[in-house]
Amino acid sequence: MLLSTSFLISALAVTPILSFPSSAYTFSAYPSSTASPFTPQNLTSFTQPSTPNNFTTDGPYLEVVHEIYNLTTFPTGVAVDQDNRIFINFPRSASNNDITLGLADSFNTTIAYPNASIQTCQPGQNVSTCFVNIQSVVIDSVQRIWALDTGAGPGQTDAVEYGAKIMSFNLTTNQMIDNYVLPYSISANGTSINDVRFNLSMSTAGIAFLTDEQGSLITIDLASHTYTRRLFNTSVVAADELFVGSFDGTPFYEWKGTQRSHVEIGSDGIALANGNLYFAPLASRRLYQINQTVLANASLTDTEILDAVEFIGQVGSYLEGFTADDQGRVYMGTAEQNSITYFNTSVFSLTNSTTLNGLNASSTNATNMGVIPASDIEVAPFVRSADIQWPDSMCIENGYLWFTTNQLPLQGTYQTNDITKASVPYKVYRASVGGAGPAV
């Protein structure tokens with residue numbers, strides 16, 4: 001489905017510029033001995049005790065950088081700027097939070113970002129100009145901050161007209177730069193946008209790639225405001241039928257009162273690396289890739305797009321948030337193992353002495369152009385800890401992987417009679433990635 005539309009934002013009310021911290025509050029000192037080099041979990045030396053209780057962290061040191069103490073205000077997305085300021089979003093899927101996008105101004109407090117008035121749409125207000133339900137927050141390679149709005153408020157399954165959108169803001173002035181509103185013919189057709197990544201080298205001003213939990217991928221040409229929905233209702237973006245995962249050793253279901261059902265969340269995690277887009281339906285253990293240029297090519301048919309999708313394989317866990325670093329590594333939240341895993345996408349990240357299905361750092365040829373083929377990708381643990389209670393979203397900045405934990409399977413939607421079993425605080429962590437920066 002291909003549509004083009006453009007929305008004027010000049011009608012937006014000018015709001016006062018608030019005073020925000022110019023840099024992050026002071027973190028505790030990250031242990032220098034564990035900050036570098038890249039130190040994923042060591043499977044060779046790791047030995048699980050014969051009677052484990054709460055297993056300790058294996059992999060790089062985990063530092064708590066922020067805590068949230070409101071039980072009904074759990075975080076999903078996190079973005080960190082070059083000054084280490086932490087931006088967090090709080091979805092309104094179940095409750096009408098006062099703040100749906102915030103900036104951490106201390107270890108356990110958050111202020112509204114970019115201002116308080118945009119946080120809630122007022123009666124009669126054009127919902128394309130305010131926040132309905134922010135699900136994800138991302139900072140792009142030119143340091144613009146983006147808020148992804150599902151457009152569906154508490155208890156709603158479908159987006160309101162003009163509510164589903166991505167909005168960009170200037171990190172210095174905190175003023176809106178642009179606004180991309182999904183055409184209602186897309187958003188009304190069972191769409192629930194979840195996450196977004198940007199390749200600013202494509203087209204005139206870049207391409208935004210979005211995952212849709214209802215089962216599709218969406219591209220937005222940032223120059224032309226052209227929107228294309230792909231792979232809709234295909235198996236590669238859909239949940240497994242009657243999927244049952246586990247969380248902390250307990251089967252993971254969705255509940256409506258005392259009526260048990262199954263989690264049906266489709267395409268969720270997304271990362272861009274080495275020319276490919278990597279994605280996965282959450283209610284599955286499947287991982288896929290597709291070439292970014294192919295996915296963004298509006299002249300191709302849906303069949304041609306589907307034929308270009310490559311199945312990487314089963315990965316042993318449902319997958320939540322993704323991110324990628326500038327070394328070609330893609331990181332994934334793997335909550336069934338209370339862990340974050342990763343895989344290399346570039347043969348240059350391998351050594352000549354390291355062989356992966358016959359590949360090493362000298363394996364570049366005209367076929368793979370230095371990119372590890374889908375059939376040769378190996379998922380490995382990065383960090384594992386009992387403290388990793390549903391790693392929902394993540395980002396790379398200033399040599400660290402930053403991620404949120406929110407105990408999602410313990411929230412009311414996934415518990416009998418909608419009674420939450422989660423406990424505060426929800427946490428934001430960081431772990432060293434050996435000096436790597438974000439993928440560009």
| Any ion pair linking E254 and R260 (charged N to carboxylate O, less than 4.0 Å)? | no

| note | To the nearest 0.5 Å, atom CD of E161 lies from atom CG of L182 at 12.0 Å

| message | Using side-chain heavy atoms (C-beta onward) and a distance below 4.5 Å, is L171 in contact with I139? | response | yes

| message | Ignoring hydrogens, what is the shortest heavy-atom contact between P114 and Q119? Give both atom names and the distance. | response | N-NE2, 4.3 Å

| With distance as the sole criterion, is a donor-acceptor pair present between the side chains of Q289 and E310 under 3.5 Å? | yes

| message | For the residue pair H66 / T404, report whether a side-chain donor-acceptor contact shorter than 3.5 Å exists. | response | no

| said: Measuring only between side-chain heavy atoms, which start at C-beta, is V196 closer than 4.5 Å to F209? | reply: no

| field | Criterion ring pair (Phe, Tyr, Trp, His ring centres under 6.0 Å) against W390, the qualifying member of Y426, Y414, F252 | value | F252

| Any side-chain heavy-atom pair of V330 and I377 under 4.5 Å | no

| task | Supply the atom-to-atom distance M202 CE to N297 CG, rounded to the nearest 0.5 angstrom. | result | 9.0 Å

| What class does the angle between the rings of Y429 and F403 fall in, given that below 30° is parallel, 30 to 60° is tilted and above 60° is perpendicular? | parallel

| Pairing of D178 and R144 as salt bridge, 4.0 angstrom limit | no

| task | Describe, in one word, how the ring planes of F279 and Y288 are oriented to each other, choosing from parallel (under 30°), tilted (30 to 60°) and perpendicular (over 60°). | result | parallel

| said: Are L319 and L287 packed together at the side-chain level, in the sense that at least one heavy-atom pair is separated by less than 4.5 angstrom? | reply: yes

| What's the verdict on side-chain hydrogen bond (donor to acceptor under 3.5 Å, both in side chains) for T334 and S339, showing C-alpha distance, side-chain angles and the deciding distance? | CA-CA 5 Å; T334 42; S339 70; 2.6 Å; yes

| said: So does D221 get a backbone contact from the side chain of S203, meaning a donor-acceptor N/O pair under 3.5 Å? | reply: no

| Less than 4.5 Å apart, any side-chain heavy atom of M394 and any of I340? | yes

| message | Between E304 and T301 (side chain of the first, backbone of the second, donor and acceptor by atom type, cut-off under 3.5 Å), is there such a pair? | response | yes

| task | Kindly compute the distance separating OG1 (T76) from CG (N194), expressed to the nearest 0.5 Å. | result | 8.0 Å

| message | Walk me through whether Y331 and T341 qualify under side-chain contact (heavy atoms from CB on, under 4.5 Å). | response | CA-CA 6 Å; Y331 303 82; T341 52; over 6 Å; no

| query | Mind checking whether Y278 and F343 have parallel, tilted or perpendicular rings, split at 30° and 60°? | reply | perpendicular

| Tell me, do M167 and F131 make a side-chain contact under 4.5 Å, heavy atoms counted? | yes

| What's the spacing between N276 CG and N291 CG if we round to 0.5 Å? | 5.5 Å

| query | Between T405 and K427, is there a donor-acceptor pair closer than 3.5 Å when you use the side chain of the first and the backbone of the second? | reply | yes

| message | Please give me the minimum heavy-atom distance between A208 and I166, naming the atom from each residue. | response | CB-CD1, 4.1 Å

| said: Determine whether a donor-acceptor pair (N or O, by modelled atom type, separation under 3.5 Å) exists between the side chain of N174 and the backbone of F169. | reply: no

| request: Might you work through the side-chain contact (heavy atoms from CB on, under 4.5 Å) test for T228 and I218, ending with a clear yes or no? | output: CA-CA 6 Å; T228 310; I218 296 170; over 6 Å; no

| Ring center gap for F74 and F90 short of 6.0 angstrom | no

| said: What verdict does the side-chain contact (heavy atoms from CB on, under 4.5 Å) test give for I220 and I207, after you've listed the backbone C-alpha separation in whole Å, the side-chain angles of each residue and the deciding distance to 0.1 Å? | reply: CA-CA 6 Å; I220 304 176; I207 300 291; over 6 Å; no

| Where do T204 and A223 come nearest, in terms of heavy atoms and distance? | CB-CB, 3.8 Å

| request: Find out whether the Lys NZ or Arg CZ of R430 is both under 6.0 angstrom from the six-membered ring centre of Y400 and within 45° of the ring's axis. | output: yes

| query | Any idea how F38 and F382 line up, ring-wise: parallel (<30°), tilted (30 to 60°), or perpendicular (>60°)? | reply | parallel

| field | Check against side-chain hydrogen bond (donor to acceptor under 3.5 Å, both in side chains), Q389 and D248 | value | CA-CA 8 Å; Q389 294 288 299; D248 287 346; 3.3 Å; yes

| field | Nearest heavy-atom neighbours spanning Q135 and P91 | value | OE1-CB, 3.7 Å

| request: Walk me through it: do N97 and S95 pass the test side-chain hydrogen bond (donor to acceptor under 3.5 Å, both in side chains)? | output: CA-CA 6 Å; N97 317 321; S95 62; 2.8 Å; yes

| query | Does D195 reach the side chain of V138, with side-chain heavy atoms less than 4.5 Å apart? | reply | yes

| field | Main-chain N/O of I134 paired with N89 side-chain donor or acceptor, under 3.5 Å | value | yes

| request: Provide the closest heavy-atom pair for L277 versus Q292 in the form atom of the first, atom of the second, distance. | output: N-CG, 3.8 Å

| With a 3.5 Å cut-off and no angle check, do the side chains of N126 and S128 form a donor-acceptor pair? | yes

| said: C121 vs V132, test: side-chain contact (heavy atoms from CB on, under 4.5 Å). Steps then yes/no. | reply: CA-CA 7 Å; C121 298; V132 180; 4.0 Å; yes

| message | Test salt bridge (charged side-chain N to carboxylate O under 4.0 Å, His left out) on D140 and R197; report intermediate values, then the result. | response | CA-CA 8 Å; D140 67 20; R197 295 294 182 269; over 6 Å; no

| said: Determine whether a donor-acceptor pair (N or O, by modelled atom type, separation under 3.5 Å) exists between the side chain of Q214 and the backbone of N233. | reply: no

| query | Closest heavy-atom contact between V80 and C395? | reply | N-SG, 3.8 Å

| request: Decide, yes or no, whether a salt bridge links R229 with D212 under the criterion of side-chain N to carboxylate O below 4.0 Å. | output: yes

| query | What about the rings of F198 and W146, do their centers lie closer together than 6.0 Å? | reply | yes

| query | Is the side chain of E336 donor-acceptor paired with the backbone N or O of Y318 at a distance under 3.5 Å, no angle test? | reply | yes

| query | Between the side chain of D302 and the main-chain N/O of I305, is any donor-acceptor distance below 3.5 Å? | reply | no

| request: Measure the shortest side-chain to side-chain distance between V424 and I68 over non-hydrogen atoms and say whether it is less than 4.5 angstrom. | output: no

| What's the spacing between Q411 CD and S93 OG if we round to 0.5 Å? | 10.0 Å

| Rounded distance [0.5 Å steps], CD1 in I193 versus OG in S216 | 10.0 Å

| query | Side chain of N133, backbone of R92: donor and acceptor closer than 3.5 Å? | reply | yes

| field | side-chain hydrogen bond (donor to acceptor under 3.5 Å, both in side chains) assessment of Y342 paired with D325 | value | CA-CA 10 Å; Y342 79 102; D325 67 22; over 6 Å; no

| Is the backbone N or O of V127 less than 3.5 Å from a side-chain atom of K165, with the two atoms forming a donor-acceptor pair by type? | yes

